[in-house]
Amino acid sequence: MKSTLSKLFIIVAALTLALVGCSQSSTSETNDSGSTDKEKAEEHRLLLGTSSQGGTYYVWGGGWADIIGKNVPGTDIAVEVTGGPNANIQLIENGEMDLGFVTAWLGGEAYNGEGWADKKYTKIRSIFPMYASVMHMYSLKDSGITSISDFDGKNVSTGAPGSTSAEAGNGLLEVLGSEPARVNAIPTNTAVDGLRDGTIDAGFAVTGVPGPFMLDLETTHEVQHIGLTEDEMKKALEKYPYWSEATIPNGTYKHQEEDILLPGFWNIAIASSELSEDLVYNLVKTTFEKHEDLLAVDPSAKETLVENVKYSTVPYHPGAVKYYKEVGVEIPDHLMPPESK
């Protein structure tokens, strides 16, 4: 009898140890939410550099981040207010940001160590084309300012330091010989408030068309839209070959009475070269597959098309290249990732 009880005890003990082992294994492979450690390891919390509040980058970034969060499992993108393209490039280079929006002009100069760049910024990679933005020059109807030459002796806002608006605004003033009494490097929303209260006479803003800030300003004031002459445009393009010629069609804005000739800039989304190929592939794939959702965020997304990859000035990330190859889009040799050559 004792022998039989001993055998039963041994069997029960063995079964108990086996069950405990299974329980420990299960606990190590799942977390409180039921996801596995592998799934947890694949979660991505990313930082996206945009621009000042009220700008197209900020609006675009919030909408895009929401689309990605809903459609790429385990990926969360936090949208950060920044000074714009130059700041976004520098933050990615320093490892403080994962993603950013930039103009092809400033991105190209950064990657090649030209123009504003104090060195070659080698960590930035394109992921997808966004839209073509346009330099807006504006004042109020009762200001008497109708051309950039009228900026002489006035208080003018160019945009936040490091933004495309600031870089292009200062460049345009210099190349066309305009001499304001004061140039204020402040964000677009702050400049618009200054225009309303009379502390700013005129401003520059590079944004998509229509610009969110301009639509808001027109609800309270009559806006004077300012363009360039053909001769002024020619001088600007000779100085800045990364720029292009753009036109805001008559009727785009409430108080606009004719076509307006202005400098244009392509915008591109960039990422750190240190992000994984699979992650970037999923970001790019989702961006194009959810194009209709992007259009609901901002009408400028109508230009976010795979055929516009050629407008980048920065090499593409391998993850982006993988997607474009899948859909039959050829990447020019000079835009192929250096790590893939």
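- Look at Lys234 and Asp231 and you find no salt bridge, because none of the NZ, NE, NH1 or NH2 atoms lies under 4.0 Å from a carboxylate O.
- Using a 4.0 Å cut-off between a side-chain N of Lys or Arg and a carboxylate O of Asp or Glu, Asp66 and Lys70 qualify as a salt bridge.
- Here Lys285 pairs with Glu289 in a salt bridge; the nearest charged N to carboxylate O distance falls below 4.0 Å.
- Glu93 places a side-chain N or O within 3.5 Å of a backbone atom of Lys123 that can act as its donor or acceptor partner.
- Considering every non-hydrogen atom in both Gly100 and Ile92, the closest pair reads N-CD1, 3.8 Å.
- Under a hydrophobic clustering in which Ile, Leu, Val, Met, Phe, Trp and Tyr are joined whenever their side-chain heavy atoms come within less than 4.5 Å, directly or via other members, Leu48 and Leu294 fall into the same cluster.
- Residue-environment remark: NZ (Lys290) stays at or below the threshold of 12 foreign heavy atoms within 6.0 Å.
- Ring geometry for Tyr138 against Phe213 counts as tilted: the plane angle lies between 30° and 60°, on a 0 to 90° scale.
- Taken from CG in Asn112 to NZ in Lys120, the straight-line distance is 6.5 Å, to the nearest 0.5 Å.
- Of the candidates Ser133, Ser163, Ser51, Tyr57 forms a side-chain contact (heavy atoms from CB on, under 4.5 Å) with just one, namely Ser51.
- With Thr82 contributing its side chain and Thr50 its backbone, the two residues share a donor-acceptor pair below 3.5 Å.
- Under a 3.5 Å cut-off, the side chain of Asn88 and the backbone N or O of Gly49 do form a donor-acceptor pair.
- Here the side chains of Tyr111 and Thr313 are not in contact, with every heavy-atom distance at 4.5 Å or above.
- Here Leu279 contributes atom CG and Ile68 contributes atom CD1; the two are 9.0 Å apart, rounded to the nearest 0.5 Å.
- Between Leu195 and Leu140 the shortest side-chain heavy-atom distance falls below 4.5 Å.
- Sequence neighbours left out, the pairs with a member in residues 247-264 that pass side chain to side chain donor-acceptor pair (under 3.5 Å) are His136-Tyr253.
- Hydrophobic clustering places Leu217 together with Ile226 (ILVMFWY residues linked when any side-chain heavy atoms are closer than 4.5 Å, directly or through intermediates).
- Side chain of Thr304 to backbone of Met130: a donor-acceptor contact under 3.5 angstrom is found.
- Within the 4.5 Å cutoff, the side chain of Ile186 has heavy atoms near those of the Ile200 side chain.
- Other residues, nucleotides and ligands contribute more than 12 heavy atoms inside 6.0 Å of the CG atom of Asn94.
- Ile127 and Ile89 are members of different hydrophobic clusters when ILVMFWY side chains are connected at heavy-atom separations under 4.5 Å.
- Within the model, atoms CD1 of Ile145 and CG of Asp150 stand 6.5 Å from one another, a figure rounded to the nearest 0.5 Å.
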Evaluation steps, side chain to side chain contact (heavy atoms under 4.5 Å, CB included), between Val280 and Phe128: CA-CA 10 Å; Val280 172; Phe128 60 84; over 6 Å; no
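- Under the 3.5 Å distance criterion, with hydrogens and angles disregarded, no donor-acceptor pair is assigned to the side chains of Asp278 and Ser276.
- For Phe288 and Trp64, the gap between ring centers reaches or exceeds 6.0 Å.
- Heavy atoms of other residues, nucleotides or ligands lying less than 6.0 angstrom from NZ of Lys302 number more than 12.
- Taking a 6.0 Å sphere around CZ of Arg182, one finds it holds 12 or fewer heavy atoms contributed by other residues, nucleotides or ligands.
- A cation-pi arrangement, defined by a distance under 6.0 Å to the six-membered ring centre and an angle within 45 degrees of its axis, is present between Lys119 and Tyr121.
- Formation of a donor-acceptor pair under 3.5 Å by the Asp197 side chain with backbone atoms of Thr199 is found in this model.
- Distance alone, capped at 3.5 Å, places no donor-acceptor pair between the Thr286 side chain and the Leu283 backbone.
- Residue Thr158 holds its OG1 atom at 11.5 Å from CG of Leu172, rounded to the nearest 0.5 Å.
- Residue Leu261 comes nearest to Glu245 through the heavy atom pair CD1-CG, 3.4 Å, listed as atom of the first residue, atom of the second, then distance.
- With Asp152 contributing its side chain and Glu179 its backbone, the two residues share a donor-acceptor pair below 3.5 Å.
- Going from atom OG1 of Thr219 over to atom NE2 of His221 covers 9.0 Å, rounded to the nearest 0.5 Å.
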Candidate pair Glu167 and Asn86, rule side chain to side chain contact (heavy atoms under 4.5 Å, CB included), full reasoning: CA-CA 9 Å; Glu167 296 293 331; Asn86 287 13; 3.3 Å; yes
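- Between Pro315 and Pro338, the closest side-chain pair of non-hydrogen atoms falls below 4.5 Å.
- Of all the heavy atoms in Pro161 and Ala185, the pair that sits closest is CD-O, 3.6 Å.
- Although no hydrogens or angles enter the test, the distance criterion places a donor-acceptor pair under 3.5 Å between the side chain of His317 and the main chain of Gly319.
- When atom types are taken as modelled, the side chain of Ser273 and the backbone of Ile124 share no donor-acceptor pair closer than 3.5 angstrom.
- Within a 6.0 Å sphere centred on CD of Glu96, other residues, nucleotides and ligands contribute more than 12 heavy atoms.
- Both Trp243 and Leu228 are members of a single hydrophobic cluster when ILVMFWY side chains are connected at heavy-atom separations under 4.5 Å.
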Test side chain to side chain contact (heavy atoms under 4.5 Å, CB included) applied to Ile248 and His225, step by step: CA-CA 10 Å; Ile248 299 179; His225 298 278; over 6 Å; no
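- Remark: side-chain polar atoms of Glu232 are paired, donor with acceptor, to backbone N or O of Thr229 under 3.5 angstrom.
- Annotation: side chain of Asp201 is not in contact with side chain of Val156 (no heavy-atom distance under 4.5 Å).
- Ile268 contributes atom CD1, which lies 9.0 Å from atom CG of Leu335 (distance to the nearest 0.5 angstrom).
- Counting only heavy atoms from C-beta outward, the side chains of Ile270 and Leu99 never approach each other to under 4.5 Å.
- Side-chain atoms of Thr207 and Pro212, non-hydrogen and from C-beta on, do get closer than 4.5 Å to each other.
- Between Trp116 and Leu106, the closest heavy-atom pair is NE1-O, 3.1 Å.
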Step-by-step side chain to side chain contact (heavy atoms under 4.5 Å, CB included) determination, Glu43 to Thr75: CA-CA 6 Å; Glu43 289 183 354; Thr75 301; over 6 Å; no
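- Apart from Leu305 itself, the hydrophobic cluster it occupies contains nothing, where clustering links Ile, Leu, Val, Met, Phe, Trp and Tyr at side-chain heavy-atom distances under 4.5 Å.
- The two residues Ala320 and Ser126 make their nearest non-hydrogen contact at CB-O, 4.2 Å.
- Side-chain contact between Leu173 and Phe204 is present, with heavy atoms from C-beta onward closer than 4.5 Å.
- Enclosure of atom CD in Glu238 by more than 12 non-hydrogen atoms of other residues, nucleotides or ligands within 6.0 angstrom is indicated.
- Between Glu339 and Arg125 there is a salt bridge, since a side-chain N of the basic residue sits under 4.0 Å from a carboxylate O of the acidic one.
- The 12-atom threshold is exceeded at CD of Glu307, counting heavy atoms of other residues, nucleotides or ligands nearer than 6.0 Å.
- If you chain together hydrophobic residues whose side chains sit under 4.5 Å apart, Tyr324 and Trp266 never meet in one group.
- Residues Ala168 and Phe265 come closest through the heavy atom pair CB-CZ, 3.8 Å.
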